[in-house]
*Asks:* 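Dropping a structure here in structure tokens format, bear with me for questions.
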Amino acid sequence: MELSLDVSEKPFSLEHTLRCGQVFGWRQRGEWWVGVVNNQPVAVLANGNVVKVRCEHASMSDEVFNYFGLGDNLESILTSVAKDPLIVEAARQWYGLRICRQNPWECLATYLCSIDSNISKIELCLSRLRQRFGRRLLLGDEELFTFPTADALSKASEADLTACALGFRTRYIMQASRRVASGEIILEEVSKLSYSEAIQVLIGDEKGTKNLLGVGPKVADCVLLFSMGKLEAVPLDVWMRRLVARSYRHLFEAEQYGRLLRRLEEGTITLRGYRIVSEAMRRYFGPYAGYAQEYLFQHIRYLKGSVADARKNT
DNA sequence: GAGCGC
DNA sequence: GCTCT
């Protein structure tokens, strides 16, 4: 069936939303995008004031609405983060980009795979996981695969997982899938917590036992922002750290932060440093700092650099 | 701060 | 990007 979503008065760029690197597993077919939402195949097309959805069940219009964050009041969000010319320009260029609400398990697995990787490599790893452990779906003659459940991955043999060539991330996926499958960690419950409670659960207590192997503050922030609607989460990857060091250093003028600023541009940053920077960004941009992050991230990735450059690191 | 695995 | 030493 084909459904129509009314998005008049709702700025929405499907292109920007799907191309910004927050979600994986979508492909373009002409002017349509095909992918999987809530384990069901969909094709989506944004056309002015309507979003067209080809799918199998009528409930998909609500699911697509939720998935693409169409409930967010983007205009007021962008107004609220418009603190300086840089973010205003980023918002102008990437206008319509929305933060998705992906499935939390898929998002967690995705960002475990993203560690020290790049978009095309991540895409490859995830498609291998889908093909090997997901369920095959058809939408017309488009073949799609659901993202494998934690349960399916927890039962995978080590050899099967190794065949997906995740490298050192294999054990992160194995451990996380087991903890989620066993119910030891219930991501839907985590998503009900406040941002600060939820990030604590995901990264574990400092110095204490880690909750989820491979989940540090960056991975946790991505999961919180891209799947749990914690719009104040500010994932700090190399691009954002460089940007902060160059364009937002005034937020760290105090002398004690000299060392932190230097490390932001170069390499390793401590958990403490990460917290200081992301909290400063939250204080500066407010409760929608995650939206600010995503627009700035896109802006600098594509700024006078080729797409190839932009795809280098995560 | 090196090493991880592809 | 995270873990481990």
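Just so it is clear, the model here is predicted, and its values are computed rather than measured. Per chain, numbering begins at 1; letters A, B, ... match sequence-line order.
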*Asks:* Ion pair present between R246(A) and E265(A), side-chain N to carboxylate O less than 4.0 angstrom?
*Replies:*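 The answer is yes: the pair qualifies as a salt bridge.
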*Asks:* In whole Å, I'd like the distance from the CG atom of L166(A) to the C1' atom of dC4(B).
*Replies:*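 Answer to the nearest Å: 14 Å.
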*Asks:* The side chain of D116(A) lies closest to which of these nucleotides: dC6(B), dC2(C), dG5(B)?
*Replies:*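 So the side chain of D116(A) is nearest to dG5(B).
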*Asks:* Indicate yes or no: at least one non-hydrogen side-chain atom of L18(A) is less than 4.5 angstrom from one of F68(A).
*Replies:*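 Yes, side chains in contact.
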*Asks:* Would you mind reading off the distance between F168(A) atom CZ and dG3(B) atom C1', rounded to a whole angstrom?
*Replies:*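 Spelled out: CZ on F168(A) to C1' on dG3(B) is 9 Å.
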*Asks:* Roughly how many Å is it from OH in Y172(A) to C1' in dG5(B), rounded to a whole number?
*Replies:*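 Nearest whole value for this atom pair: 10 Å.
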*Asks:* Atom CG of L213(A) to atom P of dT3(C): distance rounded to whole Å?
*Replies:*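 Checked: the CG to P distance equals 6 Å.
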*Asks:* Using whole Å, what does the distance between atom C1' of nucleotide dC2(C) and atom CG of L236(A) come to?
*Replies:*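 From L236(A) CG to dC2(C) C1': 15 Å.
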*Asks:* In whole Å, I'd like the distance from the CG atom of L264(A) to the C1' atom of dG1(C).
*Replies:*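 Value for this atom pair: 15 Å.
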*Asks:* Is the Lys NZ or Arg CZ of R29(A) less than 6.0 Å from the centre of W32(A)'s six-membered ring, within 45° of the axis?
*Replies:*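 So R29(A) doesn't make the cation-pi contact.
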*Asks:* Starting from P on dG3(B), measure out to CZ on R169(A) and report it in whole angstrom.
*Replies:*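 After rounding, the gap between these two atoms is 17 Å.
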*Asks:* Are K10(A) and E75(A) close enough for a salt bridge, meaning some N to O gap below 4.0 Å?
*Replies:*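 Result for this pair is no, no salt bridge flagged.
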*Asks:* Between I119(A) (CD1) and dG1(C) (C1'), how many Å, whole number?
*Replies:*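 That distance rounds to 15 Å.
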*Asks:* OP1, OP2 of dC4(C) versus side-chain N and O of R171(A): anything below 4.0 Å?
*Replies:*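 For R171(A), the contact criterion (side-chain N or O under 4.0 Å from OP1 or OP2 of dC4(C)) is met.
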